[in-house]
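This one's a predicted model, so the numbers in the text were calculated from it and none came from an experiment. Heavy-atom basis, side chains included; hydrogens, waters and symmetry copies ignored.
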Amino acid sequence: MLSLIRWAWPCAAIFLLSGCGQSGPVLHEVRGQVSYGGAPLTTGTVSLRAVRDNETQHQPTGLINERGEYRIYTANQPGAPPGWYSVVVFATEPLVDTGKVSPGLPRSIIPVRYNNVGTSPFSFEVKPTPAAGEYDLQLVK
């Protein structure tokens, strides 16, 4: 019996200290389409930067796939914490191995105004039930 108590106490302590349920912030699904000049943007990333009263410390980010679709993740979990965000988009040419010591920096294939939180025209509120297409991004040349 003493042996059972000796093993039960550490197990109970681990259970109590680990907590129950999901850890971390509540996340809401964020996915959309990215187009550039009327066609799907087929590479890059979309990243959210907290603005207004949004106090999250995360920068939720997602990759743009070959169909121009993106899905946002926060700390390796799908979704983003609720609140307002400025949205930045990055898309660069792939680096080519030229055999030189330094391949150089990748060149943006979209206007750089979309890379900067101060110049990006995109912002939206992450909420539990967004309207269809609310997170779609249409970049112009």
Side-chain angles (χ1 to χ4, degrees), residues 2-141:
L2 185 57
S3 167
L4 179 62
I5 292 172
R6 196 174 329 172
W7 288 105
W9 170 243
C11 292
I14 290 170
F15 177 77
L16 291 173
L17 291 175
S18 66
C20 298
Q22 178 183 0
S23 64
V26 171
L27 303 178
H28 299 299
E29 181 76 19
V30 178
R31 59 173 64 217
Q33 292 279 141
V34 184
S35 63
Y36 176 53
L41 183 63
T42 60
T43 187
T45 59
V46 174
S47 187
L48 309 182
R49 307 296 160 79
V51 294
R52 300 186 188 176
D53 293 335
N54 187 339
E55 295 181 6
T56 186
Q57 299 300 306
H58 297 282
Q59 291 187 350
T61 301
L63 293 175
I64 302 169
N65 69 21
E66 64 279 352
R67 294 180 304 279
E69 303 164 339
Y70 74 94
R71 183 177 187 193
I72 295 294
Y73 288 82
T74 301
N76 297 319
Q77 300 296 315
W84 280 96
Y85 293 89
S86 182
V87 182
V88 292
V89 181
F90 301 93
T92 60
E93 290 180 336
L95 288 176
V96 177
D97 185 0
T98 60
K100 296 180 181 179
V101 175
S102 173
L105 294 174
R107 192 174 73 83
S108 182
I109 59 175
I110 60 173
V112 294
R113 71 177 172 270
Y114 296 113
N115 304 168
N116 185 310
V117 72
T119 57
S120 174
F122 301 120
S123 66
F124 54 65
E125 181 182 16
V126 172
K127 49 192 171 186
T129 53
E134 190 165 344
Y135 301 140
D136 290 353
L137 305 170
Q138 297 176 357
L139 289 66
V140 294
K141 294 184 178 190

Where do [X] and [Y] come nearest, in terms of heavy atoms and distance?
X	Y	result
I109	L41	CD1-CD1, 4.4 Å
T56	A50	CG2-CB, 3.7 Å
K141	G37	CE-CA, 4.2 Å
A80	V30	CB-CG2, 4.0 Å
I72	G62	CD1-N, 3.6 Å

With P81, which of N54, V126, T74, V26 fulfils side-chain contact (heavy atoms from CB on, under 4.5 Å)?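 Considering N54, V126, T74, V26, a side-chain contact (heavy atoms from CB on, under 4.5 Å) with P81 is found only for T74.
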For [X], does the [atom1] atom have more than 12 heavy-atom neighbours from other residues, nucleotides or ligands under 6.0 Å away?
X	atom1	result
E93	CD	yes
Q57	CD	no
E134	CD	yes

Side chains of [X] and [Y], heavy atoms from C-beta outward: is any pair under 4.5 Å?
X	Y	result
L137	S35	no
V88	L48	no
S120	R113	no
P25	H58	yes
Y135	V46	no
K127	P82	no

Are Y36 and Y114 an aromatic pair, judged by ring center distance below 6.0 Å?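 Centroid distance Y114-Y36: not below 6.0 Å, so no.
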Could you tell me if the ring centre of F124 sits under 6.0 Å from that of Y85?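 Between F124 and Y85, the centre distance exceeds or equals 6.0 Å.
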Hey, could you give me the [atom1]/[atom2] distance between [X] and [Y], rounded to the nearest 0.5 Å?
X	Y	atom1	atom2	answer
T43	E66	OG1	CD	10.0 Å
S47	F90	OG	CZ	6.5 Å
I64	E69	CD1	CD	11.0 Å

When you measure from the side chain of T61 to the backbone N and O of Q59, does any donor-acceptor pair fall under 3.5 Å?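 Yes.
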May I ask you to say whether E29 pairs ionically with R31, meaning some side-chain N is under 4.0 Å from a carboxylate O?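 Here E29 pairs with R31 in a salt bridge, since their nearest N and O are under 4.0 Å apart.
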Does the pair E125/R52 count as a salt bridge with the N-to-O cut at 4.0 Å?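 Result for this pair is no, no salt bridge flagged.
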Please step through side chain to side chain contact (heavy atoms under 4.5 Å, CB included) for the pair V89 and L139, ending with a clear verdict. CA-CA 9 Å; V89 181; L139 289 66; 4.2 Å; yes
